[in-house]
Amino acid sequence: MALLSFLKALMAALFTTFSFLKALINKKELYATGQAGDGREKAMLAHVIRTAEKGNPLSVLNVMDAYAKTSGWLMNIGDDKGPILDQALDKYNPRVVIELGTFCGYSAVRIASQLHKEGSKLITFEMSPDNYNIARQIIEHAGLSSKVVSVQGKFNERLDVAKQFLKEMNTTHFDFVFIDHWVHSYMPDYLLLKENEMLGKGTGVIADNMGAFIGPADFRKYVKTHPEELETVEYKSNAEYLWWFPDSITVSTFKPFTRFY
Ligand SMILES: C[S@@+](CC[C@H](N)C(=O)[O-])C[C@H]1O[C@@H](n2cnc3c(N)ncnc32)[C@H](O)[C@@H]1O
């Protein structure tokens, strides 16, 4: 019995690794389109609509996790690093949240289902029109459309939408920022947020894929060398659905103008 379970787990791990490598072989396509190129994201959507309980975010997340492990690896934050994001949401208890990199809506569902403050909302940016469409349907299926504003386009090209959202939310800055798009955009987009005064005292800045192998070298260095601006804790884990691939998440608190206090 134990041997059977072990073999099953081994087969599943081999499958996920193969599926991950298959997505990575098409790296150029992945970076350009945000998709693996074999239709797995669209198939996942159909599977979620068919099998996840409507209006139940947890059921949607569970189905997405199971799909990524058994049918096609997906770049969701996933069920290993997800709890680190949950803990950060619990710590900051935000009202106004921004996400860079929606993909298929997994982390948007995870975040929006944990926004407890009256009138709290998430705005999420996705460059790929296909992913944007999938994510909207996933968020709708989870019953969270009223909590999420989905924007199609690159964050740095849609700054006006972020500014308008802040205005409508009656605030000047985000309480919680989740950075999870392409790693070469982490540093410039963080600086865009900062220079546009969209970060305030105590804003939580959470970055996924910060591991030494795959993480953004410039932003990793920045969070480690600017303690006066970002008070950071790094949580080590593994890349989504790949127990053998080390990765980490950084959770930083923005501390502007500390030198003047
Ligand atoms: C790692 S996935 C996001 C995963 C998602 N946060 C989750 O955990 O479910 C990265 C996504 O960022 C998108 N992306 C890349 N660069 C972007 C940019 N500058 N603005 C908005 N989206 C971007 C890609 O198309 C891709 O879908």
Side-chain angles (χ1 to χ4, degrees), residues 20 23-24 26-37 40-42 44-45 48 57 60-65 67-68 72-86 88-89 97-114 122-139 141-142 144 148-162 165 176-193 206-211 214-216 219 237-242 245 247-249:
F20 163 69
L24 227 62
N26 290 329
K27 206 171 170 188
K28 237 179 167 179
E29 166 146 11
L30 185 69
Y31 272 124
T33 65
Q35 296 204 338
R40 65 181 74 178
E41 297 84 4
K42 210 169 154 196
M44 179 278 296
L45 169 67
V48 168
V60 168
L61 294 176
N62 287 340
V63 170
M64 289 177 89
D65 283 329
Y67 183 93
W73 176 86
L74 297 166
M75 52 184 165
N76 312 322
I77 188 170
D79 53 358
D80 283 325
K81 291 181 290 179
I84 303 170
L85 179 62
D86 301 347
L89 286 161
V97 181
I98 183 169
E99 172 179 68
L100 309 185
T102 320
F103 186 43
C104 296
Y106 178 98
S107 50
V109 166
R110 198 145 189 148
I111 293 169
S113 64
Q114 295 178 75
L122 162 73
I123 184 167
T124 178
F125 290 80
E126 172 52 50
M127 66 163 202
S128 149
D130 291 333
N131 288 347
Y132 162 82
N133 280 323
I134 291 173
R136 278 181 64 112
Q137 292 176 69
I138 293 277
I139 293 162
H141 195 79
L144 292 165
V148 182
V149 175
S150 296
V151 182
Q152 197 265 303
K154 287 188 177 174
F155 169 65
N156 63 337
E157 293 168 2
R158 307 302 314 270
L159 218 55
D160 52 325
V161 184
F165 174 76
F176 193 97
V177 176
F178 181 50
I179 307 179
D180 191 18
H181 50 346
W182 297 151
V183 289
H184 60 260
S185 300
Y186 281 30
M187 193 69 244
D189 284 353
Y190 168 77
L191 292 176
L192 261 187
L193 285 162
I206 291 48
D208 187 20
N209 301 126
M210 289 289 278
I214 46 170
F219 192 60
S237 183
N238 50 268
E240 40 271 43
Y241 315 115
L242 301 166
F245 196 141
D247 191 12
S248 65
I249 292 190

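Indexing begins at 1, ligand by ligand and atom by atom, following the structure's order.
Atom 8 (O) of ligand 1 has its closest protein heavy atom at Ile77 N, 2.7 Å. Among all protein heavy atoms, the one lying closest to atom 16 (N) of ligand 1 is Trp182 CD1, 3.5 Å.
Residue-to-ligand polar distances keep Ser128 apart from ligand 1: every N/O pair is separated by 3.5 Å or more. Checked by distance only, ligand 1 and Gly34 stay at 3.5 Å or farther apart across all their nitrogen or oxygen atoms. Close N/O approach between His181 and ligand 1 is not found [any backbone or side-chain N/O within under 3.5 Å]. Residue contacts with ligand 1: Met127 is placed with a nitrogen or oxygen under 3.5 Å of a nitrogen or oxygen of the ligand (distance criterion only). On a distance-only criterion, Gly105 and ligand 1 share no N/O pair closer than 3.5 Å. Considering backbone and side-chain atoms alike, Asn156 places every N or O at 3.5 Å or more from each N or O of ligand 1. Remark: ligand 1 and Phe155 share an N or O pair separated by less than 3.5 Å (distance only, no angle test). For ligand 1, the polar-atom distance check finds an N/O of Asp180 within less than 3.5 Å of one of the ligand's N/O atoms.
Judged purely by distance below 3.5 Å, without hydrogens or angles, the side chains of Gln114 and Asp86 pair a donor atom with an acceptor atom. Side-chain polar atoms of Ser128 and Gln35 form no donor-acceptor pair below 3.5 angstrom.
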